[in-house]
Amino acid sequence: MAGPGSGHDVVIREREPADDEAIRRLNDLAFGSPFEGKLIEELREAFIDAVELVAVEDGAIVGHILFSALTTMVDDDAVPTLSLAPMCVHPDHQNAGIGSALVETGLDLARRREWQAVVVLGHPGFYPRFGFSAELASGLDAPFEGDSFMALELVPGALDGDDGLIVYPTAFGLVS
Ligand SMILES: CC(C)(COP(=O)(O)OP(=O)(O)OC[C@H]1O[C@@H](n2cnc3c(N)ncnc32)[C@H](O)[C@@H]1OP(=O)(O)O)[C@@H](O)C(=O)NCCC(=O)NCCS
């Protein structure tokens, strides 16, 4: 898969089980906490990891992104929806386009796998550039609200309706 423009070649590819230890260490480092590494393992164990990519530079994993399935109902119809969480880039490699390449490649793959929408709780200065919108998410009954909770339709109109409900998997430790 295509990588971002930088001095070194960055390859974005799907995660393989042999990557898992490096993915955990990268998340621990980037977030400064073991929470995200554990969340990733729980999402895999629940078999709801749907799109998981790594960014590899000079043989080292320098970025990671996971999209997992959650339950979304709009007017009593299930809408195949992913949660983008977590994602990170090694602190020494940030601001080089790697995070953007992970998001764009992940969204592309999600679209090809026929997912219809994606939600994210994240930096309001980062995700809107990919089309995520807090306004779109504000129409959904979810455990989050405000600028940091954003949604993106991979299929136009997928989240249209009067009543939208998002239920996060138990791995997130939330009650909706
Ligand atoms: C957020 C993160 C994944 C971005 O990865 P990246 O490879 O640096 O991203 P890119 O180089 O593609 O894009 C850089 C842009 O992200 C923005 N960005 C990075 N961290 C940000 C933050 N905390 N809040 C808002 N914007 C942020 C940069 O300002 C930059 O914006 P610009 O293009 O307008 O200058 C990376 O900074 C990271 O891993 N942070 C620590 C973990 C984290 O916060 N994960 C995301 C949880 S929502």
Side-chain angles (χ1 to χ4, degrees), residues 1-15 19-44 48-70 81-111 115 117-138 140 142-154 166 168-169 171-174 176:
M1 288 180 225
S6 76
H8 297 258
D9 284 342
V10 176
V11 173
I12 308 287
R13 62 159 172 80
E14 289 200 71
R15 159 258 180 185
D19 301 328
D20 291 355
E21 180 58 24
I23 291 172
R24 192 188 52 72
R25 272 189 273 114
L26 176 65
N27 275 268
D28 288 356
L29 177 70
F31 287 101
S33 132
F35 176 82
E36 281 74 13
K38 285 186 188 143
L39 173 62
I40 292 165
E41 282 168 16
E42 285 183 37
L43 293 169
R44 289 186 195 132
I48 50 176
D49 49 325
V51 174
E52 185 169 6
L53 305 173
V54 290
V56 183
E57 183 172 313
D58 296 333
I61 291 181
V62 295
H64 170 260
I65 192 166
L66 175 61
F67 297 75
S68 60
L70 44 62
T81 300
L82 293 173
S83 153
L84 190 178
M87 79 165 291
C88 70
V89 172
H90 190 290
D92 295 343
H93 296 262
Q94 291 176 5
N95 291 304
I98 294 173
S100 297
L102 284 166
V103 175
E104 281 163 3
T105 309
L107 293 176
D108 227 41
L109 199 50
R111 205 175 275 111
W115 293 93
V118 183
V119 293
V120 65
L121 181 72
H123 307 308
F126 182 60
Y127 294 99
R129 69 190 69 189
F130 310 105
F132 284 92
S133 154
E135 193 186 338
L136 182 62
S138 70
L140 301 165
F144 309 110
E145 56 183 9
D147 285 355
S148 301
F149 183 54
M150 295 167 267
L152 169 72
E153 290 173 337
L154 297 174
I166 299 230
Y168 275 80
F172 284 88
L174 295 161
S176 59

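Starting from 1, each residue takes its place in the sequence as its number. When a ligand or atom number is given, it counts from 1 through the structure's own listing order.
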Run the side-chain donor-acceptor check on residues 85-104: report pairs under 3.5 Å with partners two or more places apart or on a different chain.
residue: H90; atom: ND1; partner: D92; partner atom: N; Å: 3.0
residue: Q94; atom: NE2; partner: V89; partner atom: O; Å: 2.9

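With salt bridges taken as basic N to acidic carboxylate O contacts below 4.0 Å, one links R111 and D108.
Here T81 pairs with T72 under the side chain to side chain donor-acceptor pair (under 3.5 Å) rule; sequence neighbours left out.
Note on residues 30-44: pairs passing side chain to side chain donor-acceptor pair (under 3.5 Å), not counting sequence neighbours, are D20-R44, R44-E52.
At a threshold of 4.5 Å between non-hydrogen side-chain atoms, the residues R13 and D19 count as touching.
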Ligand 1: which protein N/O atoms lie under 3.5 Å from its N/O atoms?
residue: ligand 1; atom: 7 (O); partner: G99; partner atom: N; Å: 2.7
residue: ligand 1; atom: 8 (O); partner: N95; partner atom: N; Å: 2.7
residue: ligand 1; atom: 11 (O); partner: N95; partner atom: N; Å: 3.4
residue: ligand 1; atom: 11 (O); partner: A96; partner atom: N; Å: 3.2
residue: ligand 1; atom: 11 (O); partner: G97; partner atom: N; Å: 2.8
residue: ligand 1; atom: 12 (O); partner: S100; partner atom: N; Å: 2.8
residue: ligand 1; atom: 12 (O); partner: S100; partner atom: OG; Å: 2.5
residue: ligand 1; atom: 23 (N); partner: H123; partner atom: ND1; Å: 3.4
residue: ligand 1; atom: 23 (N); partner: H123; partner atom: NE2; Å: 3.3
residue: ligand 1; atom: 31 (O); partner: R129; partner atom: NH2; Å: 3.2
residue: ligand 1; atom: 33 (O); partner: R129; partner atom: NH1; Å: 2.8
residue: ligand 1; atom: 34 (O); partner: R129; partner atom: NH2; Å: 3.3
residue: ligand 1; atom: 37 (O); partner: Q94; partner atom: OE1; Å: 3.4
residue: ligand 1; atom: 39 (O); partner: V89; partner atom: N; Å: 2.8
residue: ligand 1; atom: 39 (O); partner: V89; partner atom: O; Å: 3.4
residue: ligand 1; atom: 39 (O); partner: Q94; partner atom: NE2; Å: 3.4
residue: ligand 1; atom: 44 (O); partner: H123; partner atom: NE2; Å: 2.8
residue: ligand 1; atom: 45 (N); partner: M87; partner atom: O; Å: 2.9

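Between the side chain of R24 and the backbone N or O of E21, no donor-acceptor pair lies under 3.5 Å.
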